[in-house]
Number of protein chains: 2
Amino acid sequence: MKNFKAHILIVDDDDRIRDLVKEYLNQNNYLVSTARDSNDAFEKTKVIKFDLIVLDIMMPGKTGLEFTQDYKKKIDTPILLLTAKGEPSERIEGLEVGADDYLTKPFEPKELILRINNILNKTKSLEIKRVIEFGNIKIDLKKLFIFKDDQRLKINSTEKLILEKMLNSPGKIFKREEIAGLIDLDKERSIDVIVTRLRKKIEETPKSPKYLQTIRGEGYVLWIE
Amino acid sequence: MKNFKAHILIVDDDDRIRDLVKEYLNQNNYLVSTARDSNDAFEKTKVIKFDLIVLDIMMPGKTGLEFTQDYKKKIDTPILLLTAKGEPSERIEGLEVGADDYLTKPFEPKELILRINNILNKTKSLEIKRVIEFGNIKIDLKKLFIFKDDQRLKINSTEKLILEKMLNSPGKIFKREEIAGLIDLDKERSIDVIVTRLRKKIEETPKSPKYLQTIRGEGYVLWIE
DNA sequence: GTATCATTTGATTTATTTTTTAAAAAAATA
DNA sequence: TATTTTTTTAAAAAATAAATCAAATGATAC
């Protein structure tokens, strides 16, 4: 619960703003991905289930409004629009196409955080929905299930701790001791056994894992997407 | 639920604005009461449970911010603040003291309605259906019967409370304490026994439950499909 | 006041999870 | 290719949590 981060997608064509916002959100304990336009954003949302999308209205290609309108028809990830002008008409339009909130540029970073927390709190009934999707796997850390194809597999408490940790830092190599510390296991082979068990649940072919891989002599790493 | 109107309290010291907003909200099928200052508002909230309070920040006496801060400590009726200035600092302050949203004056009436709907949609407690069917089970919480195959089984009051709660959030894991708190049971085996009893009623094979499942170390979850 | 139904409780059984073991497989190294 | 090291995995054993049962107690209705 403690160390799960909400995953936010920032979509803006201005590199400077994107990096600034990313940096700031990182500092505030969010996991951040970025996209430079609607197409890019759309590709990313196919792979990852974000908790929130922050979207600039003015973008080359499909605008933020258009993206919102299309996207919201299919998925209801909350969307926060960034509008350049403070005009009511544009704000209204944003809400009408389905955005959950908007923020007028320029804004203070602090206000962005407040808005984001506000949305996340409301839309997830005070809890972040902890659902991660990659490949044909869906992991729901709240409901403690892994959906693979059409199976629903239970996640037990040890598995949850490990997944939580690894999902929070995809691509990071976790040494055995690190995983062991997490769950108070230090018995040599125990970790291996849990990893095997997890692989059976999240991998299509557990013998040659795609996501939860071994780094020989180092530990394990979880690759999503 | 068709003819239920949300009851909104408008708090503003400007008669003109109060009446305008009231008129507009009336047209949009809201039930509206008004108050001219924080004291007045506070008195009214003692008597009526509003669905939403729309509050001007600038008021003689206690300001909207102060009202919000005090009020939110006790009751969590949603509050929408009206700010005269568009300055980020004031907007931030509003959210920090607990307001659910703010709107910068001047605003278009239409935008107010959107904002209000937005808040109400998010906060309104979903009214649960009184008759739920899933699999070959039908649960009638009004008549207090469970129909399984061609049996008609009684639901007692404890069972009703639990079913009501769980049916309202299918897929959510309820911790034992949560269930216990609901019905003031906290004795060691009591929950288990009730769960066993419920399973006998709603499950085809109570020993390997399909709907009312155990999440070891966590609690219970009800899956309906 | 008795009958009926609901709840509590401890003892016991059952089920699930975790750890250990050990052998096989895979990878690295000589 | 042979040897060593590390990882994988199945299966057994141990630990822990939950389910069940039955008897006792309590509550409510008639």
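Every chain is numbered from 1, with letters handed out A, B, ... down the list of sequences.
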Closest non-hydrogen contact found for A:K143 with B:W223 is CD-CH2, 4.1 Å

Is there a side-chain contact between B:T214 and the phosphate of D:dA19, meaning an N or O under 4.0 Å from OP1 or OP2? yes

A:K207 NZ to C:dA26 P, in whole Å, measures 8 Å

Note to self: Considering every strand and a 4.0 Å limit on heavy-atom distances, what is the contact class for A:K200: base, sugar-phosphate, or nothing?
What the structure shows: sugar-phosphate

Atom CD1 of B:I173 and atom C1' of D:dA18 are separated, to the nearest Å, by 15 Å

Please confirm whether the shortest side-chain N or O distance from B:R199 to OP1 or OP2 of D:dA19 is below 4.0 Å. yes

**Prompt:** Relative to each other, are the rings of A:F147 and A:F145 parallel, tilted or perpendicular (30° and 60° limits)?
**Reply:** tilted

Closest to the side chain of A:Y220, out of D:dA18, C:dT7, D:dT8, is D:dT8

Rounded to whole Å, CD1 of A:I194 lies from P of C:dT20 at a distance of 11 Å

Winner on side-chain proximity to A:V193, out of C:dT19, D:dT7, D:dT20, is C:dT19

Q) Checking all strands, does B:D192 fall into the base, sugar-phosphate, or nothing category for heavy-atom contacts under 4.0 angstrom? A) base

With the side chain defined as heavy atoms from C-beta on, A:R216 is closest, among D:dT6, C:dT7, D:dT20, to D:dT6

The Watson-Crick or G-U wobble partner of C:dA30, with both key distances under 3.5 Å, is D:dT1

Note to self: If the cut-off is 4.0 Å, is A:N156 near the phosphate of C:dT18, judged by side-chain N/O to OP1 or OP2?
What the structure shows: yes

Discussion item. Any base atoms under 4.0 Å from B:V195, or only sugar-phosphate, or nothing? Heavy atoms, all strands.
Written reply: nothing

